[in-house]
2 protein chains.
Amino acid sequence: MDDIDRKIAALLSDDARASLAQIGAVVGLSTSAVNDRLRRLIERGVIRRMSADIAPEAVGLPVTGFVWVALAPVADEGAFRAAMAQLPRVTACHHVTGPWSYLVQIRAASLDAVEDFLSELKSGGWIARSETMLALSTVVEPPFRYRG
Amino acid sequence: MDDIDRKIAALLSDDARASLAQIGAVVGLSTSAVNDRLRRLIERGVIRRMSADIAPEAVGLPVTGFVWVALAPVADEGAFRAAMAQLPRVTACHHVTGPWSYLVQIRAASLDAVEDFLSELKSGGWIARSETMLALSTVVEPPFRYRG
DNA sequence: ACTGAAATGCCACCTAC
DNA sequence: GTAGGTGGCATTTCAGT
């Protein structure tokens, strides 16, 4: 993992369809050398996937919500995590420091859909308490992976 | 934007390097038809970019931080937003409802780097108050775009 | 670990329908 | 939207440094 590997990672982060020749021209390596490095970057898990970044509004998901979750004392934390990982509307879920256990970020079609999500959480019996915030506008946003 | 377009978006979200023929086989369309649709999806901004998803730890950025920001009353909000958009360590920045103005999400090399980021924010004169939380572990994470 | 060249195969594009 | 032909790359491989 040297500077050239990092440069390749940054280039492909910007354009996953860049050819080996194009990358080579930028980093000053032959296509073969770039091919070798790319193979290793994928094998070692440095590059997880090549993904199209979809505009969420364009697929009917204009609402971004942040849900603070305090888990119920009896909750099966593993099951909670598995459930979050499976839901396509959950774009992020972190165990965090501070007064709350988890921060869950979602994309939703509407405020009604946000409410439905909260109902699902509650009916699952996982949460003791929650607090929801909505994004009014977005300055920087990570790529959005549309999982259907 | 019909079901087939959404299917194409989801497929490319999973694998940006899928060929027109592969996509066509799944959605039941000829390569030409897929090509037309793909062109339109990109033109209309539904597909923003094709991007490699990089493992942040692999490029030396293992720490995820959430910084809640209350802007100073005199702060130039436009300048703040421009600054956030420019910083490569800022992975997300949203204007949010609730007691705080902004939620800024960062990736950092270490806790020291998080502290440096907060110092920068304060020295910029933008913020009145802030609160920082750290991710202890991550269940779901959006793709990470490595901007060098 | 990288170069350079050669070959194979595939892919996107175009035309015609 | 389909089907088919074509030209051009991109990836891959290999021998050599």
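From a predicted model like this one, the values you see are computed outputs, not experimental measurements. Note on naming: letters A, B, ... go to the chains in the order of the sequence lines (proteins, then strands), and numbering restarts at 1 for each one.
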Listing, residues 121-136 of chain A side-chain donor-acceptor contacts under 3.5 Å, not counting sequence neighbours, or none:
from, atom 1, to, atom 2, distance (Å)
A:S123, OG, A:S119, O, 3.2
A:S123, OG, A:E120, O, 3.0

How would you list all residue pairs meeting salt bridge (charged side-chain N to carboxylate O under 4.0 Å, His left out) that involve residues 88-114 of chain A, not counting sequence neighbours? A:R107-A:E141
Looking across every strand, which nucleic acid part, if any, lies under 4.0 Å from [X] by heavy atom: base, sugar-phosphate, or nothing?
| X | answer |
| --- | --- |
| B:R37 | sugar-phosphate |
| B:S19 | sugar-phosphate |
| A:R40 | sugar-phosphate |

Over how many whole Å does the gap from [X] atom [atom1] to [N] atom [atom2] extend?
| X | N | atom1 | atom2 | result |
| --- | --- | --- | --- | --- |
| A:L20 | D:dT12 | CG | P | 7 Å |
| B:I23 | D:dT2 | CD1 | P | 14 Å |
| B:L29 | D:dT2 | CG | C1' | 9 Å |

Which atom pairs, donor and acceptor, lie under 3.5 Å between side-chain atoms of residues 24-32 of chain B and protein residues at least two apart or in another chain?
from, atom 1, to, atom 2, distance (Å)
B:S30, OG, B:A33, N, 3.3

Out of curiosity, does B:L41 fall in the hydrophobic cluster containing B:V34 (side-chain heavy atoms, cut-off under 4.5 Å, transitive links)? yes
Under 4.0 Å from a heavy atom of chain A: give me the 5'-most and 3'-most nucleotides of DNA chain C that qualify. C:dA1 to C:dA5
Tell me, yes or no, whether the heavy-atom count around B:Q86 atom CD, taken from other residues, nucleotides or ligands under 6.0 Å, exceeds 12. no
Contacts of A:R17 and A:G28 projected onto DNA chain C by closest heavy atom; the upstream (5') one is A:G28
Looking at A:S32 and D:dT13, is any side-chain donor or acceptor paired with a base atom of the opposite kind under 3.5 Å? yes
At what angle, to 10 degrees, do the two end axes of the helix from C:dA1-D:dT17 to C:dC17-D:dG1 meet, given five pairs define each axis? 30°
Backbone N/O of A:Q105 and side chain of A:T91: donor-acceptor pair under 3.5 Å: yes
Ion pair check, A:R6 and A:D3, cut-off under 4.0 Å: yes
I'd like to know if B:D14 pairs up with A:R147 as an ion pair, taking the criterion as any Lys NZ or Arg NE/NH1/NH2 lying under 4.0 Å from an Asp or Glu carboxylate oxygen. no
Any side-chain N or O of A:N35 less than 4.0 Å from the OP1 or OP2 oxygen of D:dT11? no
Summary of side-chain hydrogen bond (donor to acceptor under 3.5 Å, both in side chains) pairs that have at least one residue in residues 93-103 of chain A, sequence neighbours excluded: A:E77-A:Y102, A:R81-A:Y102, A:H94-B:T138
